[in-house]
2 protein chains.
Amino acid sequence: MVDITVEFNSKVPVYIQIYEQIKDLAYSGKLKPGDRVPSSRTLAGLLEINYHTVNQAYQALWKDGLLKMERGKRYVIAKGKTENEVYSEIEEEGRDMINRALRVGLTEDEIMNLMKRMLKGRNGGAGNHA
Amino acid sequence: MVDITVEFNSKVPVYIQIYEQIKDLAYSGKLKPGDRVPSSRTLAGLLEINYHTVNQAYQALWKDGLLKMERGKRYVIAKGKTENEVYSEIEEEGRDMINRALRVGLTEDEIMNLMKRMLKGRNGGAGNHA
DNA sequence: TACGTGTTCTATATCATATAGAACACTATT
DNA sequence: AATAGTGTTCTATATGATATAGAACACGTA
């Protein structure tokens with residue numbers, strides 16, 4: 001159905017994990033405008049969490065304009081965001097890292113090399129999957 | 001004395017902000033092994049926070065081996081970490097960003113360009129300063 | 001001695017997170 | 001028409017992290 005994973009050990013709240021992954025699914029085009037997301041009770045069952053938690057993620061996405069709905073119907077992907085919006089979000093996430101690296105004394109070249117190195121070897125994690 | 005700033009609006013807990021900044025001061029060499037950090041009551045007064053909060057940061061740093069102390073004396077910088085250790089910490093911070101960028105569909109080249117762009121225009125923030 | 005340390009203790013308050021169950025109005029399906 | 005599945009709202013509880021607060025203690029230093 002959808003490709004969502006939650007990591008209970010993570011410091012990131014479960015509802016934020018769902019929130020971000022659905023956002024990414026929409027950004028990447030794996031979920032297109034008009035696609036229905038799983039009902040809160042369904043997804044909650046698959047992930048073995050409470051449906052209120054799923055709803056918390058959905059309402060945050062609705063607040064962002066990424067999900068829309070009509071009474072009694074399911075949540076639906078509202079729109080894909082523009083490239084620029086995606087970039088600015090990624091930027092926001094990366095800025096802390098860059099600031100810290102500079103604060104520690106790394107040069108711009110060292111940071112770029114670090115990025116290259118990071119882009120090579122990557123790994124994944126385990127968790128509840130739906 | 002030391003260059004520490006706390007941002008109350010931030011989602012990052014105050015004691016974590018202090019923790020990270022002292023770590024960075026040690027990594028960058030602005031604080032060298034043997035240097036004394038401000039007493040918890042002193043720094044708390046400057047930042048206008050509770051001294052227990054400062055102590056929380058210091059104890060976390062002590063747990064990491066970055067601060068050492070002898071009974072009745074002040075906390076002292078224990079050691080500068082190796083380059084590799086610094087890198088691995090920065091890596092850990094940056095990995096989330098990269099994973100997300102890839103999940104959204106950005107290519108490696110696009111990510112590298114984004115990094116270059118981020119390294120050009122940067123800004124700072126306001127907050128209590130000591 | 002007096003002061004400043006870090007430490008420990010108890011206490012309180014707030015907020016975020018997460019779960020839980022019930023009831024409701026609405027839609028879609030049968 | 002009846003049933004099942006929606007999201008929504010309500011109250012409730014539990015836990016953990018965060019932050020503040022004040023007191024007392026042992027120790028080192030001036």
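Every chain is numbered from 1, with letters handed out A, B, ... down the list of sequences.
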Inset, instruction - Look at Ser39(A) and dT6(D) and indicate whether a side-chain polar atom (N or O) is within less than 4.0 Å of OP1 or OP2. - result: yes

Inset, instruction - Return the value, rounded to whole Å, for the distance between atom CZ of Arg74(B) and atom P of dT7(C). - result: 13 Å

Legend entry - Interatomic distance, Glu48(A) CD vs dT19(C) P [rounded to whole Å]: 11 Å

Inset, instruction - Go along nucleotides 21-30 of chain C 5' to 3' and tag each nucleotide: B for a protein heavy atom under 4.0 Å from its base, S when only backbone or sugar atoms are that close, - otherwise. - result: BBB-SBSS--

Legend entry - Phosphate OP1/OP2 of dG5(D) contacted by Thr42(A) side-chain N/O (<4.0 Å): no

Legend entry - Closest contact, heavy atoms only, Thr5(B) versus Gln17(B): O-OE1, 4.0 Å

Legend entry - side-chain N/O Gln56(B) vs dT20(D) OP1/OP2, d < 4.0 Å: no

Inset, instruction - For residues 28-37 of chain B, pull every pair meeting side-chain hydrogen bond (donor to acceptor under 3.5 Å, both in side chains), keeping only residues two or more places apart or in separate chains. - result: none

Legend entry - Atom-to-atom span, CG of Leu47(B) to C1' of dA19(D) - whole angstrom: 14 Å

Legend entry - Side-chain touch Met115(A)/Glu108(B), heavy atoms, less than 4.5 angstrom: no

Legend entry - dT6(D) phosphate, OP1 or OP2, under 4.0 Å from Ser40(A) side-chain N/O: no

Inset, instruction - Give a yes/no on whether any side-chain N or O of Tyr75(A) is located under 4.0 angstrom from OP1 or OP2 of dG5(D). - result: no

Inset, instruction - Measure the distance from CZ on Arg36(B) to P on dG28(D) and round it to the nearest whole Å. - result: 15 Å

Legend entry - Whole-Å gap separating P (dG6(C)) and NZ (Lys68(B)): 16 Å

Inset, instruction - Return the set of residues passing side chain to side chain donor-acceptor pair (under 3.5 Å) with Tyr15(B) (not counting sequence neighbours), or none when no residue passes. - result: none

Legend entry - Point-to-point distance, once rounded to the nearest 0.5 Å, from CD1 of Ile77(B) to CD1 of Ile22(B): 6.5 Å

Legend entry - Rounded interatomic separation in angstrom, taking OH from Tyr19(A) and P from dT17(C): 13 Å

Legend entry - Rounded distance [0.5 Å steps], OG in Ser39(B) versus OH in Tyr75(B): 12.0 Å

Inset, instruction - Using a cut-off of strictly less than 4.0 Å between a heavy atom of the residue and any atom of DNA chain C, enumerate the qualifying residues of residues 9-18 of chain B by number. - result: none

Inset, instruction - Check whether any side-chain nitrogen or oxygen of Gln59(B) sits under 4.0 Å from OP1 or OP2 of dG6(C), and answer yes or no. - result: no

Inset, instruction - Only counting residues at least two apart or in another chain, list the ones meeting salt bridge (Lys or Arg N to Asp or Glu O under 4.0 Å) with Lys73(B). - result: Glu70(B)

Legend entry - Glu91(A) with Arg117(B): basic N within carboxylate O range, under 4.0 Å: yes

Inset, instruction - Using atom CG of Leu67(A) as one end and atom C1' of dT8(D) as the other, report the distance to the nearest whole Å. - result: 16 Å

Legend entry - Selection from dG6(C), dA19(D), dT5(C) that lies nearest to any side-chain heavy atom of Met69(B): dG6(C)

Legend entry - Asn55(B) CG - dA21(D) C1' separation (whole Å): 14 Å

Legend entry - Atom pair CZ (Arg95(A)) and CG (Asn99(A)), whose distance is rounded to the nearest 0.5 Å: 7.5 Å

What pairs of donor and acceptor atoms, side-chain ones from residues 51-58 of chain B against any protein atom, are under 3.5 angstrom apart with sequence neighbours left out?
unit_1	atom_1	unit_2	atom_2	d
His52(B)	ND1	Asn50(B)	OD1	2.8
Asn55(B)	OD1	Gln59(B)	NE2	3.1
Tyr58(B)	OH	Pro38(B)	O	2.7

